[in-house]
Amino acid sequence: MKFNPFFRYRGLSVLIFVLLLSFLLLTYQVRFSQERASLPKKLVMTVVAPFLRAIQNSSAFFSSLWTGYADLRYVRQENRTLQEEVDRLKREEMFLLEAKRENERLHQVLQLREHTSPPTIAARVIGKDPSNWFRSILIDKGFKEGINKNTAVFCPQGLVGRVIEVLERTSRVQLITDPNCAVGALVQRSRVGGVVVGEVGPFCRLRFLPQDAEIQVGDSVLTSGLSGLSPKGIPIGTVSAVHKKENALFQEAEVLPRVDLFSVEEVLIMAKPSSPEMQWRGE
Amino acid sequence: MARGMKIEMRLVLVFLILLAIVVFQMKLMPYFAIGNVKPDLFLLFVCYFSLRNEEVQGALIGFGLGFLEDSLSISPIGVRAMSFSLVGSLLGFVRKGLFWDNPLTQGLLLFSAGILSGLVTLLVLNFFLIPRPMGDSLFRLILPESIFTALWGFLFFFVFQRWKQRKAR
């Protein structure tokens, strides 16, 4: 019988083949990053996304049924409380309207450039990253709904991440806790600038802070707007620890994200790339 | 897989199993995460199928499931494909010399597979993307992931083996 080395070492041959194929795929992707998701990802998501969306819709339906039943029992009392709250807010609105008019007059006098709120698109989270090595979420809007790559994603509490892949009706959002994510940031109190990067754990790290920068536990960290991805002023998190080494060039701080990234269900995505005129208006 | 099934039925069964793995991993497993680390069902099934097949099938199953996990993640395709194909092939190779048909051994093998795939993934990521700290990655990600996956695997193998034994009676 003729000696066939492939047959004899078929296990090793197949292993070498698949390892080489993986290496080539990786090299290609890292070298040629694409505007939209690659074909295999597009195919897989086209098949999987409808199931994820269906599960999300049905769980939202049952959840709303249950909360509807539970809420009915306290409707009357809640209605009375809400009516009082509405009356109070109406009175407050009158004062705020007056303050706004005065603010506009003063802006005109000082000829300050007007800040506009960024136009946004709302989306629901339909899945989370299956891998522990990356942190991302899947949302139910894609380029058909006007989502663009590298736009900021946030919710009323603060920054969630940025759009990293866009498909037809779904998009992937890289969270701020992803180790490959970096966001330009500044400390609200001292106005010191740095970069917030994701970590392996549940925190982020604020890096490249000058050694003499004043920073303490409890300081709020906001987006600086310098990276061009997100408007200035979006809350990122709160400093939970400061790490200062004697002979180091920079000091670092641990930042606890303001948004509970595990349980976020709805997000807002900027409809167009950030510009200097945009400023986040807050909760 | 059930013998004597038509090829179409087998394909449908494979599709349903893959879909179940995907849905469970993306929707359910995050609720079982501890310290942001959840069990990896893809790795669990690579080990399950590789222990029941030769190294050729193990490598291909590992590549396929790794490719699928990479496609659903923001990871470049090939990261988990590389590590899982290595794990699948090794398990297909070592199964001949081991008494692996008991849930505890399978759990231990799953733990070792988790460590190996984690180290390979870390090396690949450090080579192709932004380098990650070795110590942090080992103690806060690789070890916990391997332990959780092994525990889930032990549970899964135990329940599945009991079900098979009852079915055989």
Side-chain angles (χ1 to χ4, degrees), chain A residues 10-30 33 37-38 40-45 47-48 51-52 55-56 59 126-138 164-165 172-175 177-180 182 197 199-203 261-263, chain B residues 15 19 21-23 25-27 29-30 33 35-38 40-42 54-60 62-63 66-83 85-86 88-90 92-93 118 121-122 124-125 127-130 132-133 136-137 140-142 144-145:
Chain A
R10 59 184 183 280
L12 189 61
S13 311
V14 169
L15 177 64
I16 291 171
F17 173 73
V18 292
L19 288 177
L20 202 61
L21 183 61
S22 305
F23 183 82
L24 290 170
L25 281 169
L26 274 166
T27 310
Y28 178 79
Q29 286 165 96
V30 169
S33 69
S38 63
K41 292 199 177 196
K42 215 185 280 191
L43 285 171
V44 168
M45 284 318 304
V47 172
V48 169
F51 292 97
L52 292 174
I55 290 168
Q56 184 64 27
S59 71
I126 57 171
K128 295 191 168 64
D129 201 301
S131 170
N132 285 312
W133 292 88
F134 298 89
R135 306 266 163 79
S136 70
I137 52 175
L138 212 60
I164 196 164
E165 278 174 13
R172 247 185 273 263
V173 175
Q174 180 186 43
L175 300 178
T177 46
D178 184 78
N180 294 315
V197 297
E199 285 249 293
V200 172
F203 295 92
L261 296 168
F262 171 76
S263 54
Chain B
F15 174 76
L19 189 64
I21 296 171
V22 166
V23 168
Q25 184 66 27
M26 290 180 81
K27 298 290 282 184
M29 286 299 114
N36 266 3
V37 179
K38 53 188 180 281
D40 191 339
L41 294 183
F42 289 95
E54 302 281 331
E55 53 261 44
V56 171
Q57 288 91 336
L60 292 172
F63 179 80
F67 189 96
L68 183 60
E69 185 172 352
D70 289 335
S71 303
L72 294 163
S73 167
I74 55 172
S75 150
I77 293 179
V79 174
R80 288 303 242 179
M82 202 181 267
S83 61
S85 50
L86 196 61
S89 179
L90 274 172
F93 180 74
T121 304
L122 180 62
V124 170
L125 288 175
F127 185 77
F128 284 99
L129 295 175
I130 298 169
R132 299 191 186 200
D136 254 1
S137 301
R140 293 169 86 171
L141 208 155
I142 297 173
E145 184 186 60

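Quick note on labels: first sequence line is chain A, next is B, and so on, each numbered from 1.
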Where on B:Met82 is there a heavy atom nearer than 4.5 Å to chain A: the side chain, the backbone, both, or neither?
both
Might you confirm whether atom CZ of A:Phe203 has over 12 heavy atoms from other residues, nucleotides or ligands at distances under 6.0 Å?
yes
Qualifying residues under side chain to side chain donor-acceptor pair (under 3.5 Å), relative to A:Asp129, sequence neighbours excluded
A:Ser136, B:Ser73
Please step through side-chain contact (heavy atoms from CB on, under 4.5 Å) for the pair A:Met45 and A:Arg172, ending with a clear verdict.
CA-CA 10 Å; A:Met45 284 318 304; A:Arg172 247 185 273 263; 3.6 Å; yes
Please classify the contact of B:Leu19 with chain A as side chain, backbone, both or neither, using a heavy-atom distance under 4.5 Å.
side chain
Tell me, side chain or backbone of B:Leu72 under 4.5 Å from chain A's heavy atoms, or both, or neither?
both
Just by modelled atom types, is the A:Asn180 backbone N or O under 3.5 Å from a matching donor or acceptor in the B:Arg132 side chain?
no
Please check if the side chain of B:Asp70 supplies one atom and the backbone of B:Arg80 the other of a donor-acceptor pair under 3.5 Å.
yes
Can you name the nearest heavy-atom pair linking B:Asn36 to A:Pro202, along with the distance?
ND2-CA, 3.4 Å
Validation row: A:Leu52, B:Lys27 side chains within 4.5 angstrom (heavy atoms)
yes
Below 4.5 Å, heavy-atom pairs only: which of A:Ile126, A:Leu261, A:Leu12 has the largest tally toward chain B?
A:Ile126
Between B:Lys38 and B:Gln25: side-chain donor-acceptor atoms closer than 3.5 Å
no
Of B:Asp40, B:Ile74, B:Val23, the largest count of non-hydrogen pairs under 4.5 angstrom with chain A goes to B:Ile74
Bottom line for B:Phe127: the part with an atom under 4.5 Å from chain A's heavy atoms is side chain
May I ask you to name which of B:Ser75, B:Ser85, B:Pro30, B:Gly66 has the most heavy-atom pairs under 4.5 Å with chain A?
B:Ser75
Quick one: of B:Leu129, B:Thr121, B:Leu86, who has the most non-hydrogen atom pairs under 4.5 Å with chain A?
B:Thr121
Could you walk me through whether A:Arg10 and B:Glu55 pass side-chain contact (heavy atoms from CB on, under 4.5 Å), step by step?
CA-CA 9 Å; A:Arg10 59 184 183 280; B:Glu55 53 261 44; over 6 Å; no
Ring centroid separation B:Phe42 to B:Phe67 under 6.0 Å
no
Does any backbone or side-chain atom of B:Phe63 lie under 4.5 Å from a heavy atom of chain A? Answer side chain, backbone, both or neither.
side chain
Largest heavy-atom contact set with chain B, pairs under 4.5 Å, which of A:Leu15, A:Leu25, A:Val44
A:Leu15
A:Thr27 versus chain B, the contacting section by heavy-atom distance below 4.5 Å
both
Among the options B:Ile77, B:Val22, B:Leu122, pick out the one with the most heavy-atom pairs lying under 4.5 Å from chain A.
B:Ile77
Select one option (side chain, backbone, both, neither) describing which atoms of B:Val79 are under 4.5 Å from chain A's heavy atoms.
both
Given a strict heavy-atom distance threshold of 4.5 Å, which part of A:Val173 is in contact with chain B: side chain, backbone, both, or neither?
neither
Part of A:Leu138 within contact of chain B (heavy atom distance under 4.5 Å):
side chain
Which one wins on heavy-atom pair count under 4.5 Å against chain B: A:Phe17, A:Phe51, A:Trp133?
A:Trp133
